[in-house]
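One-based numbering, in listed order, for ligands and for the atoms of each. Positions are given from 1 along the sequence.
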Amino acid sequence: MNSRAETRPVAVVILAAGEGQRMQSDLPKALHRIGGAPMLAHVAAAAAALTPERIIVVAGHGGAAVAEAARALDPDIAVVVQEERLGTAHAVLQARGELAGFSGEILVLYGDSPMIRPETLRRMIEARASGAGVVVLGFEAADPSGYGRLLLGDDGALERIVEHREATEAERAIRLCNSGVFCVDGAKLFELLDRVGNDNAKGEYYLTDIVALARADGMKAAVALCDEAETLGVNSRAELAAAEAAFQARARAEAMANGVTLTAPESVHFALDTVIGRDVTIGQYVVFGPEVTIETGAEIRPFCHLEGCHVSSGAIVGPYARLRPGAEIGADAHIGNFVEVKNAEIGERAKANHLSYIGDAAIGRDTNIGAGTITCNYDGYLKHRTEIGERAFIGSNAALVAPVRIGDGATVAAGSTITRDVPADALALARGKQENKPGLAARLRASLAAAKRALAGE
Ligand code: UD1
Ligand code: MG
């Protein structure tokens, strides 16, 4: 990207003061989640890809919650509150103080339109570089009703935007619509906004009015086009679900384009921040929560749930495994069916193949964890750690009562309840001694059968 505009500083204003009444929610709309992350995070991520000098979020209803969420994304994001919801122009005006003296490119995005792509925003900035004071992102709507229509002159330049409510029948027939995304010369934006009035059907200050105002000043305005899918906005729970589906479709396509095999793409669910290396294979019905990284060549077998974890190269996870926050799976390690791992490092080539809980633990390389092993990490008040060295062997159904350490090369006998440390290369045996009573099973059966017959009156 070598356009002049790329070198001009960029500021992004994200409008998120909408009440979202149709969501029927106490949560501000922009904080509803898609791919495990608030919609605001999706929009901020698209903005951040342009390395803007500033990002300003205009919050309204639930401003404190929006501010907290924005801080969690990036402490440099500024949040301003629009006390009264007087329209999109009024909303952008709230960012004036934060943008005092800024004269680069100002992009206006919506906090409830999470599908916008950085490439599209870059194209808008490039269109600005060709001399337009205002660039509007437009799209051909399958059903344009409700949207502002983009009115073009004979030369194809943008003349003005008319809102659906104010449009004539002829204007309503136009399918070229306003997405709401604007890129404006920062030196001119607030001057234009100051002149926007509210004499219209909604009695609101329309951001869209700046197009005609800019034209009247002799500035040019232009349209950049995008696919309708990218402008998708969320106003209801049903639209939230539709946006989730759109996000997942995009994430799956991107994963495959980056060299990930998805056996049944439609059954795999990603988070906004999922990172997957090349030549990873992901089986059917795998769900990624936030903060998962899978390295090259790992395999996630069907029906796994992963969040807050890291899987190294060559590791095999699942089927039916659950990796919770803090799970660090080493290279070529195996985590098998019905194994849950939380806040634990699993060393290289270590194996926990069946039915285990490994929490608050460190497992050394080449160690084998037998079926049914449980790290008893919680005493009802505090969590405690289990540390297992390298090349250890934990027999099936062992209960490791933390805090406890098991040395390198140690063996824990199956069925043991381990409450004391086990030295390296020791065998720990902590279970009741077996006694065999010859013939007793047969005698017991005979007497029980006789008792049953007596009860039945035979
Ligand atoms: C707006 C556009 C319309 C466009 C449509 C695309 C105007 C006047 N109209 O219409 O041309 O086709 O979006 O979806 O801009 N917001 C605030 N504060 C306000 C008002 C709105 O923050 O005072 C935010 C909302 O949270 C939302 C966005 O701005 O994210 C758009 O507001 P909305 O009321 O949905 O505008 P529309 O009438 O749909
Ligand atoms: Mg809208």
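- Summary of contacts: the protein heavy atom closest to atom 29 (O) of ligand 1 is Thr88 CG2, 3.6 Å.
- Annotation: atom 13 (O) of ligand 1 to nearest protein heavy atom, Tyr110 OH, 3.0 Å.
- Inclusion of Tyr206 in the set of residues having an N or O under 3.5 Å from an N or O of ligand 1 is not warranted.
- Interatomic distance, Ile116 CD1 to His42 NE2, rounded to the nearest 0.5 Å: 14.0 Å.
- With hydrogens and angles disregarded, a donor-acceptor distance shorter than 3.5 Å links the side chain of Thr88 to the backbone of Leu207.
- The proximity of Leu86 to ligand 1, defined as any non-hydrogen pair under 4.0 Å, is limited to the backbone.
- Tested against Ile394 for a side-chain contact (heavy atoms from CB on, under 4.5 Å), the candidates Thr386, Asn368, Ile388 yield a single pass: Ile388.
- Here is the list of ligand 1 atoms found below 4.0 Å of a heavy atom in Leu15: 22 (O), 24 (C), 29 (O), 30 (O).
- Of the protein's non-hydrogen atoms, the one nearest atom 18 (N) of ligand 1 is Gln82 OE1, 2.7 Å.
- Between Lys202 and ligand 1 there is a heavy-atom distance shorter than 4.0 Å.
- The protein non-hydrogen atom at the shortest distance from atom 34 (O) of ligand 1 is Arg85 NH2, 3.2 Å.
- Near Gly148, meaning under 4.0 Å from any of its heavy atoms, are these atoms of ligand 1: 3 (C), 4 (C), 11 (O), 12 (O).
- No donor-acceptor pair closer than 3.5 Å links the side chain of Arg149 to the backbone N or O of His164.
- For Glu163 and Arg165, the salt-bridge test fails: no basic side-chain N is under 4.0 Å from an acidic carboxylate O.
- Judged by distance alone, the side chain of Arg122 and the main-chain N or O of Ala49 form a donor-acceptor pair under 3.5 Å.
- Residue His90 places no heavy atom under 4.0 Å from ligand 1.
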**OP:** Give the C-alpha distance, both sets of side-chain angles, the deciding distance and a yes or no for side-chain hydrogen bond (donor to acceptor under 3.5 Å, both in side chains) between Tyr378 and Asp360.
**Re:** CA-CA 9 Å; Tyr378 186 49; Asp360 302 305; over 6 Å; no
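- Proximity to Glu163 (heavy-atom distance under 4.0 Å) selects the following atoms of ligand 1: 2 (C), 3 (C), 7 (C), 8 (C), 9 (N), 10 (O), 11 (O).
- Between the OH atom in Tyr285 and the CD atom in Glu266 there is a gap of 7.0 Å [rounded to 0.5 Å].
- Under the 4.0 Å distance rule, the nearest protein heavy atom to atom 11 (O) of ligand 1 falls inside the cut-off.
- For atom 5 (C) of ligand 1, the nearest non-hydrogen atom of the protein is Asn178 O, 3.9 Å.
- Note on ligand 1: Gly87 sits in its first shell, one or more heavy atoms being nearer than 4.0 Å.
- Using a 4.0 Å threshold on non-hydrogen atoms, atom 22 (O) of ligand 1 counts as touching the protein.
- In terms of polar-atom proximity, Thr208 is not counted as a contact of ligand 1, lacking any N or O under 3.5 Å from an N or O of the ligand.
- Under 4.0 Å is where a charged nitrogen must lie from a carboxylate oxygen, and between Lys342 and Glu340 no such pair does.
- Formation of a donor-acceptor pair under 3.5 Å by the Thr208 side chain with backbone atoms of Val162 is not found in this model.
- Polar contact check, Ala17 against ligand 1: a nitrogen or oxygen pair lies under 3.5 Å apart.
- Ring geometry for Phe303 versus Tyr320: interplanar angle under 30°, hence parallel rather than tilted (30 to 60°).
- For the side-chain contact (heavy atoms from CB on, under 4.5 Å) with Leu306, the lone residue among Thr293, Val311, Val341, Val287 that qualifies is Val311.
- Checking only distances, Gly18 does come within under 3.5 Å of ligand 1, N or O to N or O.
- Listed for the Arg54 side chain is no donor-acceptor partner under 3.5 Å among the backbone atoms of Ala11.
- Close approach of ligand 1 to Asp112 is summarised as follows: ligand atoms under 4.0 Å from at least one heavy atom of the residue are 27 (C), 30 (O).
- Heavy atoms of Ser179 come nearer than 4.0 angstrom to ligand 1 in at least one pair.
- Close contacts between ligand 1 and Ala91 involve ligand atoms 17 (C), 18 (N), 22 (O) [criterion: under 4.0 Å to a heavy atom].
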